[in-house]
Amino acid sequence: MTGNRTASPSVSQPWRLEIAELASRLHVDPAGGLDDVEAAHRLAEIGSNRLAEPPARPWWQALVAQVANPLNVVLVLAAALAGVVERSFREALVIGVVVGLNGVLGFFQERRADRAVAALREMLSPSARVRRGGRVVDVPAADLVPGDVVLVEAGDRIPADGRVLDQVTLETDESGLTGESVPVTKTSEALPADVGLPDRACMAHMTSIVTRGRGELLVTATGMATEIGKVAGLLQRTEAVRTPLQRQLDKLGVRLAYLAGIAVAGVAVIQFLTGSGLGEVITLAVALGVAAIPEGLPAVVTVTLALGMRRMARRRAIVKRLTAVETLGSTTVICTDKTGTLTLNQMTARSLWHAGRRYRISGEGYRPDGTIAAEDGSPAPDLRDVLAPAALCNDSVVRDGTLVGDPTEGALVTLAGKAGVDVTALRQATPRVAEIPFDSGRKYMATFHRTGSCVRVCVKGAPDVLLRRATHVRCTGGDRPLDAQRYREISAVLEELAGRGERVLAIAVAEQPGIDATETPLLPEQLVLVGLVGILDPPRPEAAAAVAECHTAGIDVKMITGDHLATATSIARALGITGRGITGKDIDRLDDSALEREAPGVGVFARVAPEHKIRIVQTLQRHHETVAMTGDGVNDAPALKGADIGVAMGITGTDVSKEAAAMVLTDDNFATIVGAVRQGRTIYDNIVKFVRFQINTNLAAILTMVAGSVLFLSEPAILTPLMLLWVNVIADGPPALALGLEPARRAVMHEPPRPPGAHILTGRRLARIAGTGLLMTAGTLSAYRLGLDRGTDTAQTLAFTTFVLYQVFNLFNVRDENATVFGPLLLRNWRLWAALAAVLVLQICAVHVPAAQALVGTTALTAADWAVATALAATALAFEELRKALRRRRTQLTPSDRGPGESGPPVRV
């Protein structure tokens, strides 16, 4: 195209225009296409044919986000306060280093997750065949512009939205956009302006797959102006939800900050009333700030979630946001798409009716594995009589389990292969001489084949159409008239197959003496119905077990699909998904309160639009459910982002859905979600363990410092700021990391999800923490008093060592809330034992190595001192073991309550 340049053209509702008018508005001659100069001009003005991506967050903002949480903010303030006191410069430096290391660790883990997802993304369409300047050339799909003429054929991905100019049996799979699993037959005829997206047969849409035939498209929209671009725009209006773990840790940080403030204020008042100087008060305030804040908690949470992310990646699940690893463990409802998620997205023949007998077919997808067996148990005869016509009236090719062509035709080719038919040899021996292409108006396809001196006609199509045209039916003894009785029998078979959710195709044949190649072929007036084939997109073999395990774990599974209700309900029942089914039209008739009442009892939502999916997710969330949404299509993306956690498919999923989701499954397997749920629950269990462990330390440290300032007014602080920092980072850090790697309990998938609003620290857990904290405070103060006779340095070192050893014994206490530490769990986590050994070695170094003594402020202890410290610290283990024993006796716990690794049904405590 040449001529005067104007603003790049755009056309609304291109499906309503005749081709000539559309081409005129786009200023292009479809016979020659755009010239290179005009295409470059439009590309420069409109932009690349890509979906808009959110701007990348600068690295410094990501780093600040890691540091700027309530725990670290208070700690930074403490460091700044320490810096104003000259003799606390060392404390300020060490505190700053700890905060920096925590932030850098979280920053690099987040960046690593982002890189993993970036590597997963694929281009929408690497290249496209375009007619430009009268020549057919390959250009990058990103360089397409409105007015380009694109040539597509079976197996191609549609690179942009376009109007069909010309086509030969063109069909496309639009399941990623509309959720409809059946390919859509395309036409070049204009349509009314008000026709819906699924019914725009003259349009082809970006990311759709050509399943059959070939065609030419006149590009009408690119990038964000396409239909998937419009859906992608919904994401900008869908607010992302913070995960339950994020919310709980935020609240925990705020509460700890308040606790630190109260403790500092109280001690400061006491110190001023007793005549202490400003420097002493500030030093003690810094010590209390360090004592109150679990410096290692952000790092331990980040590392634990990162390690969980790695485990899940090895199990074919890539997590984009670390905290999302945990959210699946608290999920109460999984809303899953059907096509490609619960099903294979590979049409498969399941039933066959021929000569009055019914057959069931095994095997999945397009591989030849499987058998054909008579339902009455008798041996199956030679079925070439029905399957040879099905393979001949067919344009699809299946090689090594890979389909090129229409999925329904691929199912027929695969079925013929299971019956021993060599489809390639059959087609070569029976060449096609004419055909009547499939048409949505006719609802059948017919092919004509030369066989000796006559022409054999093979027909496949909708059963109601072929039954009206058929005059005979193939029976065991030969062809019989299709009378009323036989018609009723066949109708009963059709109803039964449709009731199973199967799409039924009728196969018919005819013989005629010849055909005039110069004339359009006509379907013979007398057809012989030879068989019926029931086809469906089968469930994934492992999906039923995955759904069952979800139910065992107290997780409800709901199917949300654009497919028909009968088909969706049939698949749901086969997978064990319970609840009734409703359609998008039913949802439209319900207001929010009515839908909230109905949603819990619904198992299948069929024929839904993108706005329905968002509404369903939000309704369930108002019902206090933690919702996981799985999907692979563009139409799933807004709901993926709005759910508590979105799970996208990595193979068949669109870039939009992957961008919206928090997790991407690299195998597109619903069963992988079950493993993710198990991992999420285990991670949450482990987070509870080390949060209990660290908060116990912080509470005991606060109580020790407050009580010490009252009981020993004339003495220095029981523990210095660096001693407390050593406890929180060195003595607590490695063991807490080891707790994060505890193995999963056997009963973890036999317990219901925790309530969405459940706290990490329940009232019962807080009571246990308080009891242990008081015991640790008493023991540490006792050690300090015993050491005062030999000087302040010895008293502080003995109290410091006792406090660290308390952490060693308390580590075993938190591994299980009810079981004795001396059970099967004792030796299961070698990392924990390695961490404890490291802590003990480092503590010995801190007490006896001169350089460490100078840094931490310690002095050497005697063997008797170590024995005293060990005896005092062991009281924590003895106290907790006694409490557990009394509770087990009182509640008569079953074996599964005695800890991980033991069998039996769970008891919620």
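None of the values given here were measured: they were computed from a predicted structure. Along the sequence shown, residues carry numbers from 1.
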Pairing donors with acceptors under 3.5 angstrom, does anything connect the side chains of Thr630 and Thr336? yes

Under 3.5 Å, is there a donor on one side chain and an acceptor on the other for Gln167 and Thr187?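 Gln167 vs Thr187: no donor-acceptor pair found between side chains.
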
For the backbone of [Y] and the side chain of [X], can you confirm whether one donor and one acceptor N or O come within less than 3.5 Å of each other?
X      : Y      : value
Tyr366 : Met347 : yes
Asp563 : Ala568 : no
Glu18  : Ala20  : no
Asp148 : Val219 : no
Ser396 : Asn394 : no
Arg432 : Leu392 : yes
Ser48  : Arg50  : no
Thr414 : Gly410 : yes
Glu409 : Asp395 : yes
Trp15  : Ala193 : yes

Identified side chain to side chain contact (heavy atoms under 4.5 Å, CB included) partner of Leu217 from the options Val152, Leu151, Val149: Val152

One pair to check against side-chain hydrogen bond (donor to acceptor under 3.5 Å, both in side chains): Arg503 and Thr408. What are the steps and the verdict? CA-CA 9 Å; Arg503 180 189 181 195; Thr408 301; 2.7 Å; yes

A side-chain contact here means heavy atoms from C-beta on lying under 4.5 Å apart; do [X] and [Y] qualify?
X      : Y      : result
Leu467 : Leu494 : yes
Cys393 : Val459 : no
Phe448 : Gln512 : yes
Glu45  : Val145 : no
Pro539 : Leu342 : no
Ile582 : Val604 : no
Val130 : Leu144 : yes
Val413 : Val397 : no

Check whether more than 12 heavy atoms from other residues, nucleotides or ligands sit under 6.0 Å from atom CD of Glu189, and answer yes or no.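 Check fails, neighbour count at 12 or below.
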
Taking atom CZ of Arg214 as the centre, does the number of heavy atoms from other residues, nucleotides or ligands within less than 6.0 Å exceed 12?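 Atom CZ in Arg214 is not packed in, count stays at 12 or less.
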
Salt-bridged, Glu611 to Arg615, with N to O below 4.0 Å? no

Would you call Asp35 and Arg132 a salt bridge, using N to O less than 4.0 angstrom? no

Shortest non-hydrogen separation from [X] to [Y] and the atoms involved:
X      : Y      : value
Gln346 : Pro538 : O-CD, 3.0 Å
Thr226 : Gly223 : OG1-O, 2.7 Å
Leu466 : Gly461 : CD1-N, 3.7 Å
Leu344 : Asp537 : N-OD1, 3.5 Å
Ala606 : Leu565 : CB-CA, 3.5 Å
Ala648 : Leu640 : CB-CD1, 4.3 Å

Interatomic spacing from [atom1] in [X] to [atom2] in [Y] - rounded to 0.5 Å:
X      : Y      : atom1 : atom2 : value
Thr222 : Asp161 : OG1   : CG    : 9.0 Å
Lys338 : Thr343 : NZ    : OG1   : 4.5 Å
Thr583 : Asp586 : OG1   : CG    : 3.5 Å

Give the C-alpha distance, both sets of side-chain angles, the deciding distance and a yes or no for side chain to side chain contact (heavy atoms under 4.5 Å, CB included) between Thr220 and Leu22. CA-CA 9 Å; Thr220 57; Leu22 177 62; 4.1 Å; yes

Mind jotting down which residue pairs meet the side chain to side chain donor-acceptor pair (under 3.5 Å) criterion with at least one end in residues 398-407? Sequence neighbours excluded, please. none

Applying side chain to side chain contact (heavy atoms under 4.5 Å, CB included) to Glu216 and Arg131, what does each step give before you reach the verdict? CA-CA 9 Å; Glu216 294 184 5; Arg131 184 180 295 123; 2.8 Å; yes

Under 3.5 Å, sequence neighbours excluded: what are the donor-acceptor pairs made by side chains of residues 198-206?
| unit_1 | atom_1 | unit_2 | atom_2 | d |
| --- | --- | --- | --- | --- |
| Arg200 | NE | Val195 | O | 3.3 |
| Arg200 | NH1 | Glu227 | OE2 | 3.3 |

Walk me through it: do Ile158 and Thr207 pass the test side chain to side chain contact (heavy atoms under 4.5 Å, CB included)? CA-CA 5 Å; Ile158 304 295; Thr207 72; over 6 Å; no

Run the side chain to side chain contact (heavy atoms under 4.5 Å, CB included) check on Leu523 and Arg469 step by step: do they pass? CA-CA 9 Å; Leu523 196 66; Arg469 288 180 169 269; 3.6 Å; yes

